[in-house]
Asker: 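Quick one: structure below, then a few questions.
Computed over heavy atoms, backbone and side chain alike; hydrogens, waters and symmetry mates excluded.
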Amino acid sequence: MRHWDVAVRSGARLGEGPTWDAAEARLIWVDILTCRVHTYDPATGRRTVMVTEQHVGAAKPRAGGGLVVNLRDGVGAYDAGGAFSWLAHEVVPGRRGNDAAVAPDGALWAGTMRYDEAAGGGTLARIAPDGSAEPALSDVTVSNGIGWSPDGRLMYYIDTPTRRIDVFDAGDAVGTAAKVVPTRRAFVEIEEGAGFPDGLCVDAEGAVWVALWDGGQVRRYTPDGALDRTIELPVGRPTACAFGGSDLTDLFITTAQEGTPRHPLEGSVLVVPGAGRGLEQPAFAG
């Protein structure tokens with residue numbers, strides 16, 4: 001039986017980073033390599049597209065309106081009127097921003113990677129609401145999925161080539177890089193041949209959902225790391241997942257055409273209605 005539907009039929013090269021914007025009742029997602037930030041309102045079907053001047057790894061809502069974006073040369077912000085400014089600007093040739101997520105305290109954790117995916121060429125940093133950047137990891141290859149447990153005490157993280165989801169102790173709903181990073185340990189290891197872990201989200205029960213690049217699946221792992229659900233997809237390269245909809249029960253899944261397309265839905269946004277219950281995602285406080 002098919003568990004998924006098509007939310008947005010699209011030909012995204014590298015669709016990524018679905019985020020439910022509760023204030024606007026819409027899904028935000030990006031197509032990294034075409035420099036596009038997309039929105040989709042499932043109640044009306046309305047879609048918008050904004051073009052950025054650089055490759056955009058992630059886009060998240062800001063508390064005062066607008067978006068915070070993880071671009072090629074750093075983290076920037078668009079205000080509610082569309083004006084852009086840099087928050088943390090760092091130009092490193094051959095490197096770009098990738099996945100990012102907003103922590104319970106309103107800070108942005110933003111990752112980078114090299115275009116050639118050279119080992120250790122990426123980073124992870126915490127961007128405070130005032131734009132100050134605190135380095136967290138400097139030996140990352142493809143910085144990817146980030147999420148927090150319902151109580152904010154755990155932070156999950158993926159460096160894709162490791163085939164692992166790691167977990168950090170984040171404390172009482174907050175955590176600076178200095179406190180969080182030393183507690184890093186493995187949470188789940190994806191078996192060889194099943195694909196590579198990409199984006200993730202955490203549901204209201206504390207379970208971790210992960211998209212498997214080249215695996216054609218989204219999996220759910222319980223808080224103790226046990227695999228308890230697998231959603232088979234028609235596309236080979238799902239990239240990330242997020243709960244959304246009016247009651248946060250629909251699981252939206254971004255996908256990519258990058259490489260050799262094998263299915264006409266690659267690059268579209270899929271949805272699994274009633275998959276579970278998600279957590280409302282905080283907006284960036286800056």
Side-chain angles (χ1 to χ4, degrees), residues 17 19 22 57-64 66-77 85-92 95-113 120-160 162 164-188 197 199-204 206 208 210 223 225 240 242 278-286:
T19 301
K60 308 296 176 182
R62 299 173 66 194
L67 297 170
V68 61
V69 287
N70 196 20
L71 299 172
R72 184 192 66 202
D73 295 341
V75 173
S85 60
W86 286 106
L87 292 174
H89 192 209
E90 184 183 17
V91 180
V92 179
R95 196 182 78 179
R96 67 168 175 84
N98 205 43
D99 206 357
V102 179
D105 65 353
L108 183 77
W109 287 70
T112 67
M113 59 176 284
T123 62
L124 178 68
R126 178 183 182 271
I127 313 300
D130 65 1
S132 59
E134 182 187 6
L137 300 174
S138 59
D139 58 348
V140 175
T141 300
V142 180
S143 188
N144 249 318
I146 309 165
W148 286 264
S149 60
D151 62 7
R153 290 178 174 271
L154 299 174
M155 185 180 96
Y156 298 95
Y157 175 70
I158 290 170
D159 181 3
T160 292
T162 67
R164 293 195 317 269
I165 305 172
D166 289 343
V167 62
F168 303 72
D169 293 325
D172 295 320
V174 296
T176 66
K179 290 191 296 184
V180 170
V181 170
T183 68
R184 183 180 184 178
R185 58 200 182 275
F187 170 66
V188 163
L200 66 77
C201 68
V202 182
D203 68 21
V208 177
V210 59
L279 298 167
E280 185 168 332
Q281 296 302 295
F284 179 62

Asker: Nearest 0.5 Å, what's the CG-CD1 distance between L200 and I146?
Answerer: 8.0 Å

Asker: Grab the two heavy atoms, one from D159 and one from Y157, that are nearest each other, plus how far apart they are.
Answerer: N-CE2, 4.1 Å

Asker: Return yes if some donor-acceptor pair links the side-chain N/O of N70 with the main-chain N/O of G97 below 3.5 Å, else return no.
Answerer: no

Asker: Under a 4.0 Å threshold between the charged nitrogen and the carboxylate oxygen, would R185 count as salt-bridged to D169?
Answerer: yes

Asker: Please examine the side chains of M113 and V140, heavy atoms only from C-beta on, and report whether any two atoms are closer than 4.5 Å.
Answerer: no

Asker: Please report the interatomic distance CZ(R95) to CG(D73), rounded to the nearest 0.5 Å.
Answerer: 9.0 Å

Asker: Just checking, any donor-acceptor pair under 3.5 angstrom between side chains of N144 and T160?
Answerer: yes

Asker: Supply the atom-to-atom distance T176 OG1 to E134 CD, rounded to the nearest 0.5 angstrom.
Answerer: 5.0 Å

Asker: Is the shortest heavy-atom distance from the side chain of I158 to the side chain of V210 under 4.5 Å?
Answerer: yes

Asker: Which is it for F187 and D166 under the side chain to side chain contact (heavy atoms under 4.5 Å, CB included) test, yes or no, and what are the steps along the way?
Answerer: CA-CA 5 Å; F187 170 66; D166 289 343; 5.9 Å; no

Asker: I need the R164 CZ to R184 CZ distance, nearest 0.5 Å.
Answerer: 5.5 Å

Asker: Enter the distance from W148:CH2 to Q281:CD here, rounded to the nearest 0.5 Å.
Answerer: 8.5 Å

Asker: Are any side-chain N or O atoms of T112 and backbone N or O atoms of T123, one a donor and one an acceptor, separated by less than 3.5 Å?
Answerer: yes

Asker: Please name the pair of heavy atoms, one in A240 and one in G17, separated by the smallest distance, quoted to 0.1 Å.
Answerer: CB-N, 4.0 Å

Asker: Would you compute the distance between atom CE of M155 and atom CH2 of W109 and round it to the nearest 0.5 angstrom?
Answerer: 4.5 Å

Asker: Can you spot which of V181, D139, L137 makes a side-chain contact (heavy atoms from CB on, under 4.5 Å) with L124?
Answerer: L137

Asker: What pair of heavy atoms forms the shortest contact from A285 to A63, and how long is it?
Answerer: CA-CB, 4.4 Å

Asker: Kindly indicate, with the supporting measurements, whether the criterion side chain to side chain contact (heavy atoms under 4.5 Å, CB included) is fulfilled by V68 and L87.
Answerer: CA-CA 9 Å; V68 61; L87 292 174; 4.0 Å; yes

Asker: Might you point out which heavy atoms bring A128 and A107 nearest each other, and give the distance in Å?
Answerer: CA-CB, 4.4 Å

Asker: Grab the two heavy atoms, one from P104 and one from G152, that are nearest each other, plus how far apart they are.
Answerer: CG-CA, 4.2 Å

Asker: Identify the heavy atoms of A77 and R62 that sit nearest to each other, and give their distance.
Answerer: CB-NH1, 3.6 Å

